[in-house]
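Since the model is a prediction, treat every value here as computed from it, not as a measurement.
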Amino acid sequence: MKKLAVLKFFKNWKKWHLLQVLVLTVLIMILSFFGLLYYLSKDADISELKNELPQPTVFYDVNGEVASKVSANKNEGVSIKEVPDSMKNAIIAIEDHRFYQHSGVDLIGTSRALLRDLKAGGMVEGGSTITQQLTKNTILTSEKTLKRKLEEVFLALAVEREYTKQEILQMYLNQIYFGNGAYGIKQAASKYFAKEVKDLTISESALLAGLIKAPSALNPYEHMEKATERRNLVLAKMNEQGFITKQQVEKAKNEKVVLDDKGGDPFRGKFPYYVDQVLDEAIKQYGLSQDELLTGGYQIYTELDPSMQAAMEKTYQNDALFPKGNDRLVQSGGVLVDPKSGGVRALVGGRGDHTFRGYNRASQLKAQPGSSFKPLAVYTPALEDGWKITDMLKDEPMKFGDYEPSNYNHQYEGEVPMYDAVKESKNVSAVWLLNELGIEKGLDAVNRFGMTLDKADRSLSIALGGLHKGVSPIDMAEAFSVFPNNGVRVETHVIKKIIDANGQVVAEWKTKKERVTTKAVTDNMTTMLLGVVEQGTGKAAQIPGRETAGKTGSTQVPIKGINGLKDQWFVGYTPQLVGSFWVGYDKTDAEHYINPTSGTGSAVIFREVMKDALKNSPNQSFHVQHISSLIEKRKKEEEEKNLSNFQKKFNNEVQKWEEKWNKQKEKWDKKNKEKGKGKGKEH
């Protein structure tokens, strides 16, 4: 019996010893494996992981208020200092309760996960730490393979050597997906509770932490019961690990979940065309790159007036104001500018879907301005040269060498006063006047208005806007701003200053002014351009109750046999605001051109935009003469002249009759005398 017991003990001892040796061997192998991993992880590349808070570039309007935001990142980061303990503890409790103990890889948790994976014959158990999840989300793919798992381990160890626990937790919270389109804790707090992260309660923190495992399946907007159950599990884990008391657990469980999605950041992506222009100016004038502007957290102070921009965008949504397109959208670009500062108050670069930094017709368009160019190339230099707005200009068919311009309606009056030539947009009169002045004076004036022409433009056709390359609405707005600004041109711009993430001013606008002409000249130009809107070709641009000056412009389709417009312009102004608008197809051909119809087009768009943009602005006057008084004066002069001519004619006729009568009377007297003599002889 004793012998059997000894043998049994010896047998069991051998078995236990063998088991101990086996366990020890396995542990040594695991430790060696992880030691090797730790050693090899020294060369792991974690350069893609940056401990930066993703911050959007913020755009401020002319009043210093936030107007828009853009970012290359899908989320916006917050500092770990702004995250409440309840949120940090909830994440740790449910996702990685040994976070503060391990060095990136939890040996116990990973070993357990590996054993389950081996037993299942595949990768089914995560076993990832917060650090591993961070590397998976930022550097690796989410595929479940042994190779990817090993890479994850390498990277996690490297990350823990490079960053502190708080830095890792900060990066994790700003990168993790919480479902419902919310990337990062800032978006999650906004999407689910319409709150800032710092204001999250214990209950809200637990609910958000619970979503990480299965964001779609646990989305409280669709699966409130499941989300609440998961929240309660997180609260229990927090209690188990000593983060909160039982009383706090009960209070949090009893807190009603009130969901509130404020729809994300209301400023993100707002005013896209204006933002495009700001980015373009920052890149071209101040040397910043697009990548810097989208990731650097800059603050850009602009000249934007949000109410004017909103008015402009609203108008551009009204399809009834634009000519109907033939299977393609009739396009347009427009801009509003403060003539005193040169600040662009509003800008829209197209109709239809917006493409980020795509074709901006307000600033990148190059189109012939047609008759809207006449005030710049012809009438301003003429006034400077001593011509008066009442001087008579020729208006009859004529040729200038090989160039034979014609009036748009092919009607001629022989001669017309200058203000009438402007009002009715007489083409021949403009070309004749430029020819009288000399092309050089026209080119010089255009250059002073801020436009650079090339050698191909050295011809009389510039009188009618026949330019080789063309101009954009912003070019024309800057030029026309000279008229309400008493002859001074201020360069247009959208940026006031740019401040980087460190609070340093990296760019600042310096006002660039140039005296183009005199106030006397601009007053006379305004008188004539008021006439265009009040009585001439620009009547459609009239803004009720406001003095408005401006000039129409159009170019014909350059295809034989087609009577239509390629480009349609209206550039106009009130004393405090300049508006410039182009309408046309991006590509004009035999099937795509404008047939003008009443109630649509550039002048109508100008009127609608300006009417809304100025609704909160005082009504101001130019304090200049209106052509109605000149027309009245000329009418009287014509009447007097006609009356005078009639009187002269009448007097001449009377004189003729008097002469005839006197002659006749003389004849009769003579005859009577002769008769009297005859009678005397007979006696």
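- Going from atom CH2 of Trp582 over to atom CD1 of Ile605 covers 10.5 Å, rounded to the nearest 0.5 Å.
- A centroid separation of less than 6.0 Å is found between the aromatic rings of Tyr192 and Tyr221.
- The closest donor-acceptor contact from the side chain of Gln285 to the backbone of Ala282 lies at 3.5 Å or more, if one exists at all.
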Steps toward side chain to side chain contact (heavy atoms under 4.5 Å, CB included) verdict (Lys496, Glu508): CA-CA 6 Å; Lys496 281 184 171 182; Glu508 193 162 14; over 6 Å; no
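- In this structure, Asp319 pairs ionically with Arg351, as a charged nitrogen and a carboxylate oxygen lie closer than 4.0 Å.
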Steps toward side chain to side chain donor-acceptor pair (under 3.5 Å) verdict (Asn219, Ser216): CA-CA 5 Å; Asn219 182 351; Ser216 297; over 6 Å; no
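- Between the side chain of Arg230 and the main chain of Gly210, a donor-acceptor pair closer than 3.5 Å is present.
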Stepwise side chain to side chain donor-acceptor pair (under 3.5 Å) test for Glu160 and Ser103: CA-CA 6 Å; Glu160 290 271 349; Ser103 297; 5.7 Å; no
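- Interatomic distance, Ser79 OG to Gln170 CD, rounded to the nearest 0.5 Å: 5.0 Å.
- One finds the CD atom of Glu167 at 3.5 Å from the OG1 atom of Thr164 (value rounded to the nearest 0.5 Å).
- Between Lys195 and Asp260 no salt bridge is recorded (no basic side-chain N to carboxylate O distance below 4.0 Å).
- Between Asp612 and Lys615 there is no salt bridge, since no side-chain nitrogen of the basic residue lies less than 4.0 Å from a carboxylate oxygen of the acidic one.
- Heavy-atom neighbours of Lys237 NZ from other residues, nucleotides or ligands within 6.0 Å: at or below the threshold of 12.
- For Lys513, the NZ atom is loosely surrounded, since the number of other residues' heavy atoms within 6.0 Å does not exceed 12.
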Steps toward side chain to side chain contact (heavy atoms under 4.5 Å, CB included) verdict (Ile92, Ile130): CA-CA 8 Å; Ile92 290 166; Ile130 283 174; 4.2 Å; yes
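- When only modelled atom types and interatomic distance are considered, Gln55 and Ser71 share no side-chain donor-acceptor pair under 3.5 Å.
- Atom CG of Asp338 sits about 9.0 Å away from atom CD of Gln576, to the nearest 0.5 Å.
- Under the 4.5 Å side-chain criterion, counting only non-hydrogen atoms from C-beta, Ile212 is in contact with Ile91.
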Side chain to side chain donor-acceptor pair (under 3.5 Å) between Gln132 and Thr129, intermediate numbers included: CA-CA 5 Å; Gln132 286 172 271; Thr129 64; 3.3 Å; yes
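- By the 4.0 Å N-to-carboxylate-O rule, Arg98 lies close enough to Asp106 to be salt-bridged with it.
- At distances below 3.5 Å, at least one donor-acceptor pair connects side-chain atoms of Asp61 with backbone N or O atoms of Asn63.
- Contact check for Glu313 versus Tyr273: no side-chain heavy atoms found under the 4.5 Å cut-off.
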Salt bridge (Lys or Arg N to Asp or Glu O under 4.0 Å) between Glu82 and Lys186, worked out: CA-CA 10 Å; Glu82 294 178 44; Lys186 184 176 177 69; over 6 Å; no
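- Remark: the Glu95 side chain and the Gln133 side chain contain an N/O donor-acceptor pair separated by less than 3.5 Å.
- Atom NZ of Lys165 sits in a crowded spot, with more than 12 heavy atoms from other residues, nucleotides or ligands closer than 6.0 Å.
- The side-chain heavy atoms of Ser481 and Val490, taken from C-beta on, include no pair separated by under 4.5 Å.
- No donor-acceptor contact under 3.5 angstrom links the side chains of Glu281 and His493, judged on distance only.
- Cation-pi geometry between Lys497 and Tyr301 is satisfied (NZ or CZ under 6.0 Å from the ring centre, within 45° of the ring normal).
- Within 6.0 Å of atom CD in Gln101, more than 12 heavy atoms from other residues, nucleotides or ligands are found, so the atom counts as buried in its surroundings.
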Worked check of side chain to side chain donor-acceptor pair (under 3.5 Å) between Gln364 and Ser472: CA-CA 6 Å; Gln364 295 171 344; Ser472 68; over 6 Å; no
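- Residues Ser332 and Arg361 bring no donor and acceptor atom of their side chains to less than 3.5 Å of each other.
- The main-chain N or O of Tyr183 is found under 3.5 Å from a side-chain atom of Gln187 such that the two form a donor-acceptor pair.
- In this structure, Ile185 and Met87 have side chains that are in contact, with non-hydrogen atoms separated by less than 4.5 Å.
- Side-chain contact check for Phe581 versus Leu336: some heavy-atom pair is nearer than 4.5 Å.
- In this structure, Lys191 is not positioned above the aromatic face of Phe178 in the sense of NZ or CZ being under 6.0 Å from the six-membered ring centre and within 45° of the axis.
- Looking at Asn239, its side chain does come within 3.5 Å of a backbone N or O of Ile244 through a donor-acceptor pair.
- Contact of the Phe59 side chain with the Gln299 side chain is not registered, since no non-hydrogen atoms from C-beta on lie closer than 4.5 Å.
- Ser289 and Asp291 are not linked by any side-chain donor-acceptor pair at a separation below 3.5 angstrom, with hydrogens and angles left out of the test.
- Between the side chains of Arg345 and Gln309, not a single donor N or O lies within less than 3.5 Å of an accepting N or O.
- Taking CG of Leu288 as the start and CG of Leu279 as the end, the distance is 10.0 Å to the nearest 0.5 Å.
- The pair Arg489-Glu478 meets the salt-bridge criterion, since a charged nitrogen lies less than 4.0 angstrom from a carboxylate oxygen.
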Chi angles and distances behind the side chain to side chain contact (heavy atoms under 4.5 Å, CB included) call for Leu347, Asn360: CA-CA 9 Å; Leu347 177 149; Asn360 193 332; 3.6 Å; yes
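- Proximity of a side-chain donor or acceptor of Tyr274 to a complementary backbone N or O of Val344 within less than 3.5 Å is detected.
- Not a single donor-acceptor pair under 3.5 Å links the side chain of Asn254 to the backbone N or O of Lys251.
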